[in-house]
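Here the structure is a predicted model, which means the values were calculated and not measured.
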Amino acid sequence: MPLKFFAKKEEIPEAQRETAIELKDGRFTVEEPVDTTTLESTLAKERADRKEEEKARKAAEKERDELKRTQAAREKGISDEELQRIRDDEAKARKPIEDERDRLRKENDQLKRTDKVRTLALAKGIMPDRIEDAMLLLDTRTELTDAGAVAVKDKAGKITAETLDDFLGKTFKAEKPWLYKGSGASGSGATGSTAEEEEEGEIELVPAAAKATDISRRERIASNF
């Protein structure tokens, strides 16, 4: 771990004071903890980049192999229709295996990504009655890596090095403030059930007493006709 130095013991944060080491020159030093969240996000981005490269490589190899297979079939006198029938039969045989794979992948994604994102989103201030709307957006901005971590994607769908904590607490909040408690869009401390959204996304709060007065006034006017 990196070391941090202090001229006086009183300058050391209280939580680290007991573990400080006094040096011969009278200074004090403590070990600085490493921020592993940023490191993990950077690694997740690098893994995602490598995954995309691997995906592109496999796609190119598959296309190459398919061209070779088609050419070999034609040399053996197999028609395009017969070759397509063979492909369809193979696809049909693979389907149950692929369906089970997709089911397990979805279940794993639900446990490791969706539930984690939902829990942290609520903790970061997204209103409970707007969490489903938020999750529709967050589903396109997060991804579960092969290592089981939740990576953040930018608006273009590219994996970034930003942590999920920073994204939900800063970036996403700046992009979608009306989803959060106490934002300028809904008034300090307001909840979704006490606010009405206009088309532009602005929130208008109408006191209950004012509504009652307005209704009473309209009833009196109507009774005169």
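Put simply, the side chain of L120 reaches to within 4.5 Å of the side chain of D165, judged on heavy atoms. Taking 4.5 Å as the limit, every side-chain heavy atom of F167 sits out of range of all side-chain heavy atoms of T160. The closest side-chain heavy-atom distance from W178 to R130 is below 4.5 Å. You'll find the side chain of E98 reaches within 4.5 Å of the side chain of R101, heavy atoms only. Side-chain contact between F172 and V152 is absent, with no heavy atoms from C-beta onward closer than 4.5 Å.
G169 and K124 make their closest contact through CA-CD, 4.0 Å (heavy atoms, listed as atom of the first residue, atom of the second, distance). Taking every heavy atom of both residues into account, P96 and K92 meet most closely at CD-O, 3.5 Å. Pairing each heavy atom of A121 with each of L168, the nearest pair is N-CD1, 3.7 Å. When all heavy atoms of K153 and I159 are compared, the pair lying nearest together is CG-CD1, 3.5 Å. The two residues K9 and R17 make their nearest non-hydrogen contact at O-NE, 3.5 Å.
Checked for salt-bridge contact, R85 and E82 meet the test: a charged N lies under 4.0 Å from a carboxylate O. A salt bridge is defined here as a Lys NZ or Arg NE, NH1 or NH2 lying under 4.0 Å from an Asp or Glu carboxylate O, and R57 with E54 meets this definition. A salt bridge links R103 to E100: at least one charged side-chain nitrogen sits closer than 4.0 Å to a carboxylate oxygen.
Atom CD of E63 has 12 or fewer heavy atoms from other residues, nucleotides or ligands within 6.0 Å. Within 6.0 Å of atom NZ in K112, 12 or fewer heavy atoms from other residues, nucleotides or ligands are found, so the atom counts as exposed in its surroundings.
In this structure, the separation between CD on E162 and NZ on K170 is 8.0 Å, given to the nearest 0.5 Å. Separation of atoms CD1 (I86) and CD1 (I78) is listed at 5.0 Å; rounding is to 0.5 Å. Distance check: L164 CG to K116 NZ gives 6.5 Å after rounding to the nearest 0.5 Å. For the atom pair NZ of K181 and CD1 of I126, the computed distance is 10.5 Å after rounding to the nearest 0.5 Å.
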| Evaluation steps, side-chain contact (heavy atoms from CB on, under 4.5 Å), between T70 and R87 | CA-CA 11 Å; T70 301; R87 289 174 181 149; 2.9 Å; yes
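For R69 (side chain) and L83 (main-chain N/O), no donor-acceptor pair under 3.5 Å exists by modelled atom type. Although no hydrogens or angles enter the test, the distance criterion places no donor-acceptor pair under 3.5 Å between the side chain of T29 and the main chain of I21. R27 contributes no side-chain N or O that, together with a main-chain N or O of F6, makes up a donor-acceptor pair within less than 3.5 Å.
Side-chain contact of Q84 with D80: a donor-acceptor pair under 3.5 Å is absent, judged by distance alone.
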List, one per line, each side-chain donor-acceptor pair under 3.5 Å for residues 131-139, sequence neighbours excluded.
residue: E132; atom: OE2; partner: R118; partner atom: NH1; Å: 2.8
residue: D139; atom: OD1; partner: R113; partner atom: NH1; Å: 3.3
residue: D139; atom: OD1; partner: R113; partner atom: NH2; Å: 2.6

